[in-house]
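Okay, structure first, notes after.
As the structure is a prediction and not an experimental result, all values here were calculated from the model.
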Amino acid sequence: MSAPLSHEEFAAALRGLSHRYWGTHPFHHRMHAGELSERELRIWAANRWYYQRMIPQKDAAIISNCPLPEVRRQWLPRLVYHDGAAPGEGGIERWLRLCEAVGLSREEVLDERHVAPGVRFAVDAYVTFARTKPWVEAVASGLTEMFSGHLMKRRVADMLANYDWINRADLAYFTNRIDAVSGEGQATVDLVLRHCVTREQQDAAIAALSFKCDVLWSILDAIERAAAKE
């Protein structure tokens, strides 16, 4: 059996997957360049909403599988962040407002009529992963947040510059999330480093993050195909 990686080596291996993050996907490049039509933005928003909607269920699965009270307490605020402490609050609500800003009604977003089969399959596979894998592997899969803060900052700037019919207030999901992921990212790295102590656990964590990168890429592949249809 291989010796465990040092914390520095393990963290470097995790961060080394940054090139697999969906920030490099051609659809995102087109979005940031201002090349998407209003229809394409609506398809993107409606499908991304399905991913956002399922994040709290993924996080709840992690909590349900974790026997450590201190970890459950650390993870619980994530559910509240997305679901909100009360109706009309939270990240999911802010995403619905973005959907409305690009021309969708709440009804058509909530009934999921625009969700592509490939998006649904990829997102559901991610939630199943969190429900069935050891809790620390599910936590490690969420380390894509290490790569997301810079992308969110750029998305706000590029959307305001290239899609002048979108207001800054409509991008509240991203502007609120930038600060959140900057803190969560390091806390999650520390959690994974602390609890993955064998080489087998470390390799499983790296594989989990790789799987999540594949999930996100598949989501954009499916969105791109759906947007190409007339």
Side-chain angles (χ1 to χ4, degrees), residues 1-26 28-29 32 51 55-56 58-82 91 122-123 125-157 174-220:
M1 182 178 294
S2 301
L5 300 171
S6 68
H7 277 193
E8 292 75 17
E9 291 170 330
F10 185 25
L14 292 166
R15 291 194 168 91
L17 292 172
S18 62
H19 68 284
R20 301 267 310 282
Y21 188 57
W22 62 355
T24 61
H25 194 284
H28 271 166
H29 283 312
H32 287 276
Y51 171 69
I55 287 177
K58 177 269 296 183
D59 288 327
I62 291 173
I63 289 175
S64 71
N65 286 335
C66 181
L68 304 176
E70 63 272 20
V71 174
R72 295 198 300 268
R73 284 192 293 267
Q74 179 179 338
W75 216 254
L76 182 60
R78 291 169 179 260
L79 274 74
V80 178
Y81 178 89
H82 288 284
V123 173
Y126 181 42
V127 176
T128 298
F129 182 93
R131 285 175 175 157
T132 57
K133 293 292 185 178
W135 70 268
V136 73
E137 291 181 36
V139 167
S141 73
L143 281 171
T144 46
E145 64 195 22
M146 291 190 299
F147 316 136
S148 62
H150 176 71
L151 180 65
M152 287 185 184
K153 290 179 182 178
R154 186 158 58 89
R155 181 164 300 154
V156 170
F174 297 114
T175 53
N176 280 268
R177 191 73 183 138
I178 289 169
D179 291 335
V181 296
S182 62
E184 288 177 354
Q186 188 56 52
T188 308
V189 171
D190 293 341
L191 188 63
V192 172
L193 294 180
R194 186 163 62 251
H195 290 278
C196 291
V197 296
T198 69
R199 184 59 179 271
E200 182 181 14
Q201 290 171 328
Q202 292 171 340
D203 287 345
I206 295 167
L209 180 54
S210 178
F211 167 75
K212 173 64 176 307
C213 290
D214 287 343
V215 165
L216 295 180
W217 199 273
S218 296
I219 288 171
L220 276 188

Do Val71 and Cys66 have side-chain heavy atoms sitting under 4.5 Å apart?
yes
Between Cys196 and Val136, is there a side-chain heavy-atom distance shorter than 4.5 Å?
yes
Got a second to check how far Glu8's CD is from Leu193's CG, nearest 0.5 Å?
8.5 Å
About how many Å separate CG of Leu68 and CG of Leu191, when rounded to the nearest 0.5 Å?
9.0 Å
Can you confirm whether Pro134 sits close enough to Asn65 that some side-chain heavy atom of one is under 4.5 Å from a side-chain heavy atom of the other?
no
Step by step, work out the salt bridge (charged side-chain N to carboxylate O under 4.0 Å, His left out) result for Glu137 and Lys212.
CA-CA 11 Å; Glu137 291 181 36; Lys212 173 64 176 307; over 6 Å; no
Distance in Å, Arg73 CZ paired with Ile63 CD1, rounded so as to fall on 0.5 Å steps
11.5 Å
Residue pair Val189 / Val192, side-chain heavy-atom distance below 4.5 Å
no
Would you say Arg199's side chain and Ala3's backbone share a donor-acceptor pair under 3.5 angstrom?
yes
So which atom in Leu209 and which in Met146 form the shortest heavy-atom distance, rounded to 0.1 Å?
CD2-CE, 4.2 Å
Hey, are the side chains of Ile55 and Arg78 touching, using non-hydrogen atoms and a 4.5 Å cut-off?
no
Nearest heavy-atom contact between Val197 and Arg194 is CG1-O, 3.5 Å
Taking all non-hydrogen atoms of both residues into account, name the closest pair between Pro56 and Leu79 and its distance.
O-CG, 3.9 Å
Nearest heavy-atom contact between Phe129 and Ala208 is CZ-CB, 3.7 Å
Would you say Lys58 has more than 12 foreign heavy atoms packed within less than 6.0 Å of its NZ?
yes
Give a yes or no answer on whether the side chain of Gln202 reaches the backbone of Leu5 with a donor-acceptor pair at less than 3.5 Å.
yes
Spacing of Trp22 atom CH2 and Asp214 atom CG [to the nearest 0.5 Å]
13.0 Å
Could you walk me through whether Arg20 and Ser210 satisfy the side-chain contact (heavy atoms from CB on, under 4.5 Å) test, starting with their C-alpha distance in whole Å, then the side-chain angles of each, then the deciding distance to 0.1 Å, before giving a yes or no?
CA-CA 8 Å; Arg20 301 267 310 282; Ser210 178; 3.0 Å; yes
Using 30° and 60° as the class boundaries, would you call the ring planes of Trp135 and His195 parallel, tilted or perpendicular?
perpendicular
Can you see which heavy atom on Ala187 is nearest to which on Gln74, and at what distance?
O-NE2, 3.7 Å
Should His28 and Leu220 count as side-chain neighbours, where that means a heavy-atom distance under 4.5 Å?
yes
Let me confirm one number: the OG1-CD distance from Thr188 to Glu145, rounded to the nearest 0.5 Å.
3.5 Å
Could you tell me how the ring of His25 sits relative to the ring of Trp217: parallel (under 30°), tilted (30 to 60°) or perpendicular (over 60°)?
tilted
Side-chain heavy-atom pair Leu216, Tyr51 within 4.5 angstrom cut-off
yes
Which atom pair, heavy atoms only, marks the closest approach of Val215 to Ala122?
CG1-O, 3.7 Å
Just how far is it from atom CG of Leu143 to atom SG of Cys213, taken to the nearest 0.5 Å?
9.5 Å
Kindly indicate, with the supporting measurements, whether the criterion side-chain contact (heavy atoms from CB on, under 4.5 Å) is fulfilled by Thr24 and His19.
CA-CA 7 Å; Thr24 61; His19 68 284; 5.7 Å; no
Given the ring of Trp75, does Arg72 sit roughly above its face, with NZ or CZ under 6.0 Å from the centre of the six-membered ring and within 45° of the axis?
no
